[in-house]
Amino acid sequence: MELFSMDLYLSGLQQFTNPAMFLSSFLGVLVGIVFGALPGLTATMTIAVFIPFTFGMSPYISFAFLLGLYTGAVYGGSISAILINIPGTPSAIATSLDGYPMSQAGRAGEAIGISTISSTIGGFLSVFVLMFAAPAIASVALKFSAEEYVGITLIGLSIIAIISPGSTIKGLIAGVIGLIIGIVGLDPITGYPRFIMGQAELLEGIDSIPVMIGMYGLSEMLVQISSAEYKVTVEQKLSKIVPPWKDIKRIFGTVVRSSFIGVLIGALPAAGGSIASLVAYGQEKRLGKRRDLLGTGIIEGIAAPEAANNASTGGALIPMLTLGIPGDAMTAVLMGGLIIQGLRPGPLLFQQQMPFVSSIFISLLLSVVFMCILGLLGARVYAKLISFPKKYLIPAILVFGLVGSYAISNSIFDIWVLIISGLVGFLFRKIGLPIAPIILGMILGPLFESNFRRALMLNEGNWATFVQRPISLFFLVVVVVVLAGPVVMKKLKNIITNTKGV
Amino acid sequence: MTKKNMDILAGIGFFAFAGLLFIAAGFMPTREGGIPALNTGFYPRILSIILAVLSVLMIIEAIRKQYVQKDVEAWWTTKAAFSLFAVTLILLVLYPFIMKFLGFATASLIFITTLTWMLSDKAHRRPLVIGGISLALTVIVYIIFKMVLAIPFPQGMLI
């Protein structure tokens, strides 16, 4: 199929004759690492807050920047995990298990070096998997019709509900709330305005970017203010950073294994870096040569989660680009950045915007290169930045959020959307409702609704159409397995242990 | 409040919200006969039913579950944290108004300086340092949004 032509890999190269591409990728990685390394600023929040910076840029330059942010922030989380035992982003949770003990033993520089090398190898591998898997999946997805999209959306929402912290029911409620937010605006079929409360701004629906900045950025800052978390500052000194060759050889097997785990888990709709890194660490504990020493501060314990979480970045882009279903909260926000540029992710993107898709591959590759360089050269600076006082950071991020929300469509209305979303996000965090499903639901909502209703209309209101098409039926079975699976497994385990006891 | 009660309360809240949505969907234009999916209220109504079912499940789960950590953590750790939270909210709400009347750079400067001042320990409030860093941050915001991105901000009295 023509989707596999070399054009897919080369047609974007032309864009890179523009030095701005390199500059924006470089800046993206740099800002990403710094924000990722600052505790409490997650990668998702970083991308959400910086999307307004990309308005007016061409989609090529904008995505070089955003992908740099993405790569940099996922990697940067490891720096604070190693130095102060606080993962900068959720995907670095496993890194602190061995990273912090190493740091306490005075080997912080070495730990950051290992993390950089592992992240780089993981990142490279994920770009290559993305380059070859994405066109293949896109060509299959071209055959999907409305029913299949309904199924895939439901898979995404159920997986994110399952993996979100807290109960699955709360995760599902959050997903439905997201879908409900998506109702606001003109009915896609009849054109009737729904819940617009007399605001012309709402005719096209609630803009997802201020909601994301509010729920991830503003509410996070409000949580930190309300719990007085902003007072923690720590300092650390670093020794040598570039790891010796024998160490790299020692972790090579771990890195390759963990990278594959990362890409695979990242590619599942809605399962991203944090799961990937925990699973990779778990595998190291089962299969690693020095598994008994894990947790005491050995380099394998850093290599496994770091290779996996950066490998998940390319993986997570696969469902986002090919199906329009984000792989995790970060790619959901990235998708928001894509939509703002007037581009709809999905299989058609691969047919109609081949140079853009191609430039995404190359940009991602470039950002991995920059990440490696900036990681090895800049570690000392980031270690200093971690102690940058939060009392300046919180107000600055809030102002970025306020101004950024305004800048989306030059409307003060969006500032109100931001503030309300921030408060709702704060409330939801306090009652233990996860945020990621809301964002996913909100982004997928309009697509889900129009496919759902179109499928019913074309089949004269016959619901059976969702189970009569084999692929759609398969997707619905997956949804049931995902949601019921854990409960059934638990019941089975209980039965087995009970009968053994008899 | 215990976590159990909070979960039950939240469940009731979501159920009530679902009820409101269900009723609101009923007011949307409906054509008699034909395929229900064509009607505007169809999709909101389906979502409201799903949300109602889930919130009932949430309440049941909360009643049956054994909570390890019984009590809800305080929403605001100290009184000072609460007043800071309130100040932040007031500043956020005032921001769009100040932006309209005085301009976005002034609004940003006021916002950053006031909040930094409030977030600083009383013993460590050095006006010159706080003022200087706040001004620098505002200049960065101004350069990025006004000069690089050329966003048309409302014409305030100042900049």
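Of the two parts of B:I35, only the side chain, counted from C-beta on, holds a non-hydrogen atom closer than 4.5 Å to a non-hydrogen atom of chain A. For A:K170, the part lying near chain B is the side chain, with the backbone staying farther off; criterion is any non-hydrogen pair under 4.5 Å. With a threshold of 4.5 angstrom between heavy atoms, A:I431 approaches chain B through its backbone and through its side chain. For a residue to count as touching a neighbouring chain, one of its non-hydrogen atoms must lie under 4.5 Å from one of that chain's; by this rule B:F42 touches chain A with the side chain only. Using a 4.5 Å cut-off between heavy atoms, B:D7 touches chain A through its side chain atoms alone. Looking at A:I183, only its side chain comes within 4.5 Å of chain B, counting heavy atoms on both sides. For B:Y142, no part lies near chain A; criterion is any non-hydrogen pair under 4.5 Å. Heavy atoms closer than 4.5 Å to chain A are found in both the backbone and the side chain of B:P96. Contact annotation for B:I112: both backbone and side-chain heavy atoms come within less than 4.5 Å of a heavy atom of chain A. Contacts of A:L172 with chain B are made by both backbone and side-chain atoms, with heavy-atom separations under 4.5 Å. For B:L47, the parts sitting under 4.5 Å from any heavy atom of chain A are the backbone and the side chain alike. Heavy atoms of B:Y95 lying under 4.5 Å from chain A belong exclusively to its side chain. For chain A, the nearby parts of B:T40 are the backbone and the side chain; heavy atoms of each come within less than 4.5 Å. Neither the backbone nor the side chain of A:F413 comes within contact range of chain B; no heavy atom of the residue lies under 4.5 Å from a heavy atom of that chain. Using a 4.5 Å cut-off between heavy atoms, A:I415 contacts chain B through its side chain alone, with no backbone atom that close. Using a 4.5 Å cut-off between heavy atoms, B:L57 touches chain A through backbone and side chain atoms alike. Contact annotation for B:M6: only side-chain heavy atoms (C-beta onward) come within less than 4.5 Å of a heavy atom of chain A. With a 4.5 angstrom heavy-atom cutoff, B:V56 does not touch chain A via any of its atoms. For chain B, no part of A:L393 is nearby; none of its heavy atoms comes within less than 4.5 Å. Within the 4.5 angstrom heavy-atom criterion, atoms from both the backbone and the side chain of A:L179 approach chain B. Proximity to chain A is absent for every atom of B:L91, based on heavy atoms less than 4.5 angstrom apart. Contact of A:L433 with chain B is made through the side chain alone, with heavy-atom distances under 4.5 Å.
The closest side-chain heavy-atom distance from A:F195 to B:L21 is below 4.5 Å. The shortest distance between side-chain heavy atoms of B:L115 and A:L398 falls below 4.5 Å. Looking at B:M99 and A:I412, their side chains come closer than 4.5 Å, going by heavy atoms from C-beta outward. At least one side-chain heavy atom of A:W416 sits under 4.5 Å from a side-chain heavy atom of B:V93. Under the 4.5 Å side-chain criterion, counting only non-hydrogen atoms from C-beta, A:Y392 is in contact with B:I130. The side-chain heavy atoms of A:F400 and B:S108, taken from C-beta on, include no pair separated by under 4.5 Å. Looking only at side-chain heavy atoms (C-beta outward), B:N39 and A:T190 stay at 4.5 Å or farther from each other. The shortest side-chain heavy-atom distance between A:P395 and B:L137 does not fall under the 4.5 Å cut-off.
If you tally non-hydrogen atom pairs under 4.5 Å between each of A:E460, A:R429, A:R194 and chain B, the highest count goes to A:R194. With respect to chain B, the highest number of heavy-atom pairs below 4.5 Å among A:L222, A:I177, A:D187, A:L402 belongs to A:L402. For the set A:I419, A:N462, A:L427, A:I189, the count of heavy-atom pairs under 4.5 angstrom toward chain B peaks at A:I419. Interface remark: of the candidates A:G401, A:A455, A:G422, A:S167, A:S167 forms the most heavy-atom pairs closer than 4.5 Å to chain B. Counting heavy-atom pairs closer than 4.5 Å to chain A, the top residue among B:L51, B:I46, B:I133 is B:I133. The choice from B:S83, B:A10, B:P44 that makes the most heavy-atom pairs within less than 4.5 Å of chain A is B:P44.
In B:K100, the NZ atom is not crowded: 12 or fewer heavy atoms of neighbouring residues, nucleotides or ligands sit closer than 6.0 Å. In the displayed structure, A:K491 atom NZ is contacted under 6.0 Å by at most 12 heavy atoms of other residues, nucleotides or ligands.
The shortest heavy-atom contact between A:K391 and B:S120 is CD-OG, 3.3 Å. Nearest heavy atoms, A:S226 versus B:W76: CB-CD1, 3.2 Å.
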Original post:
Are A:V403 and B:F153 close enough, and set up right, to give a side-chain contact (heavy atoms from CB on, under 4.5 Å), and what steps lead you there?
Top reply: CA-CA 9 Å; A:V403 180; B:F153 287 99; 3.5 Å; yes

Subject >> A:L218 vs B:L92, side-chain contact (heavy atoms from CB on, under 4.5 Å): CA-CA, chis, key distance, verdict >> reply: CA-CA 10 Å; A:L218 207 150; B:L92 285 169; 3.8 Å; yes

Original post:
Under the side-chain contact (heavy atoms from CB on, under 4.5 Å) criterion, do A:V176 and B:F14 qualify, and how do the steps go?
Top reply: CA-CA 11 Å; A:V176 175; B:F14 287 127; over 6 Å; no

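For the side chain to side chain contact (heavy atoms under 4.5 Å, CB included) with A:V399, the lone residue among B:T138, B:V141, B:I140 that qualifies is B:V141.
Between A:F452 and B:Y43, the ring planes are tilted. Angles from 30° to 60° get that label.
Remark: aromatic rings of A:F426 and B:F85 are close, center separation under 6.0 Å. Checked against a 6.0 Å centroid threshold, the rings of A:F53 and B:F145 count as neighbours.
Atom-to-atom distance recorded for A:K390:NZ and B:T116:OG1 is 14.0 Å, nearest 0.5 angstrom. The CD1 atom of A:I169 lies 8.5 Å from the CE atom of B:M58; values are rounded to the nearest 0.5 Å.
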